[in-house]
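The block underneath contains the structure these notes are about, expressed in structure tokens.
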Amino acid sequence: MSKTRLSVITASVLAATSIGVFWTRWNTLGQDIYGPPAASTWKVTLVVNGTLTSRNSSVVTVRPPDFRHQHIFDETYQSKELLLPKTKGSSRPELVWRRPGMAAGTQPFRVSYSFRCMLGMRHPTAAMREHTANVDAAPAPGAALKPTRHIESDAKEIFAKAHELAPETASPALDQVQAFFDFVQKLDDEPAFDSRGALECLREGGGDAGAKSRLLVALCRNRGIPARLVTGLILGSDRGPNLHRWAEAWLPAYHQWWPMCPAFNHFGPRKFPKNYLVLQVGEDDTVRAPGGQFRYGFVFQDLHDPYGREEMPPPTDLERFFQNLSLYNLRPSDRQLVKFLLLLPLSALIVSVSRTVVGISTFGTFSPALLGLAFLDPNARPWGFGIFVGVVLVGWGMRHMLERYHLLQVPRISAMLTLIVAFLILVIVLANQYGVTATNYIKLFPLVILTHLVERFWTVEAEDGTAASFKTLLGTLAVSFVISLALSPQPVATWMFQHPETLGLVFAAQLLLGRYTGYRLSELYRFRDLLHDEVNGGGRP
Amino acid sequence: MSWWARARRLRELGILGMNRRNAECILDLNPRVSYPLVDSKQKMHELCRGIGVPTPEIYGVIRAHSELRHLPRLLAEHSDFVLKPDRGAGGRGILVVVGRKGDTFLRHTQERLELNEIRQHVSSIVSGLFSLGGHADSALIQQRVLLHPDFEPISYQGIGDVRVILYRKTPVMVMLRLPTKQSGGRANLHQGGIGAGVDLDTGITCHAVIRNRVSMHHPDTGASLVGFQIPCWPEIIAMACRVGQAVDLGYLGVDIVIDRDRGPLLLEANARPGLAIQIANGKGLRPRLERVERALAQGPNNS
């Protein structure tokens, strides 16, 4: 069998397998490919509008924890004006959006952060369980007991009220908490201004959900019961997408943080509603912008009818198989890594097309592939490419310098790496002087590639001349630019993540390309003289 | 002409493209194990001696820094020679010495070198400075090929060579490569050397290009590049065939130089010969490759 036929057959089998897996999964799970089933699925969007005034100001937005029975996935981040450098991949509880570049003066901005979430998930993933264990661990001695600005648990009036409500300090914590809750729950409900602290709520005899929850926390803390404030959304409620606050108290007897919502009279975990989405555990503001003004709001959208699902039969083995296979079971940082990994083969495919079909010369296969992925963020693209070209050119200059020493290859490359690292640090320090956080642009920067690229640049220059090396550099840039453009839309990464079987198709395409014997586009130019020549070229030799 | 029409025209002319060369000629016909043989000039030299194909004499080989002390002894009897890396590519690291007075050597560029500088150069070669993989290399001290008088009008500061492409052991296309001022005396098409297409049967040049563009006259000497008869033609083709028989490579480039005194000498072989030979000849390779395939398919029936 000819090699070409073998490749074509293998490619067809692979493609058919991938499509088969895709089709089976689609028929088994339908739209529900996000992992184990849950009571409800939602899409929540946070939009912040505002103006930043000082150069170093930033906007901090809340990020819901992926824990307990709430599963957070498909997070998307959008802002034309601000950059989101570090937080994406990690499981940090906040997102920090920063101003790019050296711009001074006021900067209007708009930030949109959205995610999907499943509430009431029956079988949390391992990552969720781990996160829950961290957040819901027993408080360290002395933690969650101190008074804060709005929770004045050490005030005389709070002390007096706590004593009045639960005179027996030796009684079980649950009884005391229940007494406090009953008292707070019965206070007047007032519209949300959300500025009242615990003490004010007690004095005024009423307040909104936040004020009442703070009072409840203050009463508990006054009695030495660790308690904390929880901020979130009640998804699907008639109140609309307004922030809601409730409280949790640590009950050692149950070894549990005991949820309590004084505003809507929910006490204890058993009857606590399943549509409370936790955005944040603690007292921090949901959105902060030191040195700026802003307004923000949430929107939520029901993706899944919770009642329809209740009647559904338990999952079949096939369903459970695909659910367990879903990459959405991974923890957020792993998900980010897997998303990146899944884009690599696609990006290498684009490089193969550019090289074998178009005939663009590049420095190796992986350099443009990785470079393209390093510049996926459109905001970072111009700066990133600028820094990249700068480093290659400076590195090339350094390489010329090193050539005088006639160093052996391996020590020479390590010397180059040292020089490039020194140069990059210089760039970062200088940029810092001008108020630019360079790491916004070169955090992912593959240093190894840069050193390798400089070496390749040099080799091509030595073999084929300076013009050829610059042409290759340009080709590398062009291909990586195409990759960053083609792969930056969120749907591409999402598709690959939901349907990793697409890799089979990518592999099939790569196999076919591997036996592509047609002309490269560049050859149509290279052999241009032959096109006209044959006419007056005469007979065969 | 539209891109599509261009592609069709190239196909009609039978031009071999890079992808097809890589897939169907190199990957399918050239086993990787045979590469080291042709990549090493020294191994080729030994092979040629075994099969009776003349090559430039090797006066000595320096494989390690410790052997550098033999250098004066190896050079003692020679007033002209060429120093080259065993696995060099693209003419890098080649030092041509045309004369000497004691320990002072004269390069073909008229530059003077002391023995120390020669030693430094050999040391660089051994360190792998010119082998692009960066691997340690050996330095060859080789007989200098002298310009054949026939080539004088069409050479500039160097020696041309004949590149023969063998497809499944049959010569299919030939090109004569000549140095120019622009190529710095090297017969290298990349650097602006001349590529002249040669008629396989007669050894007469019929077409010539510089940097992929047609050129009928030598840019430096003004001599015509078309109609030049390569000397010793039948011997050159016979040599190429003999090398082709001895090497297990289905797509092979063989480089032959013609020495004033010794006649044609095999210089080196190449397992990945380029496609510019088609431009130099103004002809495509594919019809010729197919003819060889057909002949091979019919061969057993005829005999």
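Residue numbers begin at 1 in each chain, while the letters A, B, ... track the order of the sequences.
For the pair A/Phe527 and B/Leu10, the tightest heavy-atom approach, listed with the atom from each and the gap, is CB-CD2, 3.7 Å. A/Asp529 approaches B/Val214 most closely through the heavy-atom pair OD2-N, 3.5 Å. The two residues B/Met18 and A/Glu523 come nearest to each other via the heavy atoms N-OE2, 2.5 Å. Across all their heavy atoms, B/Asn19 and A/Thr517 have their closest contact at CB-CA, 4.0 Å.
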Checking side chain to side chain contact (heavy atoms under 4.5 Å, CB included) for the pair A/Leu530/B/Ile15: CA distance, chi angles, key distance, verdict?
CA-CA 9 Å; A/Leu530 289 174; B/Ile15 303 296; 3.3 Å; yes
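Only the side chain of B/Asp28 comes within contact range of chain A, with at least one heavy atom under 4.5 Å from a heavy atom of that chain. Neither the backbone nor the side chain of B/Ile204 comes within less than 4.5 Å of any heavy atom of chain A. Of the atoms belonging to B/Gln278, heavy atoms from both backbone and side chain fall under 4.5 Å from chain A. Of the atoms belonging to B/Arg11, heavy atoms from both backbone and side chain fall under 4.5 Å from chain A.
The local environment of CZ in A/Phe507 is sparse, with at most 12 non-hydrogen atoms from other residues, nucleotides or ligands closer than 6.0 Å. Heavy-atom contacts from other residues, nucleotides or ligands closer than 6.0 Å to OH of A/Tyr525 number 12 or fewer.
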For a quick test of your reading: what N or O donor-acceptor pairs under 3.5 Å do the side chains of residues 356-371 of chain A make, sequence neighbours left out?
residue: A/Thr356; atom: OG1; partner: A/Ser352; partner atom: O; Å: 2.5
residue: A/Thr362; atom: OG1; partner: A/Arg355; partner atom: NH1; Å: 3.1
residue: A/Thr362; atom: OG1; partner: A/Gly364; partner atom: O; Å: 2.8
residue: A/Ser367; atom: OG; partner: A/Phe363; partner atom: O; Å: 3.0

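Of the inter-residue distances, the one linking B/Arg213 atom CZ with A/Arg528 atom CZ reads 4.0 Å to the nearest 0.5 angstrom.
By number of non-hydrogen pairs under 4.5 angstrom with chain B, the leading residue of A/Leu521, A/Thr4, A/Leu524 is A/Leu524.
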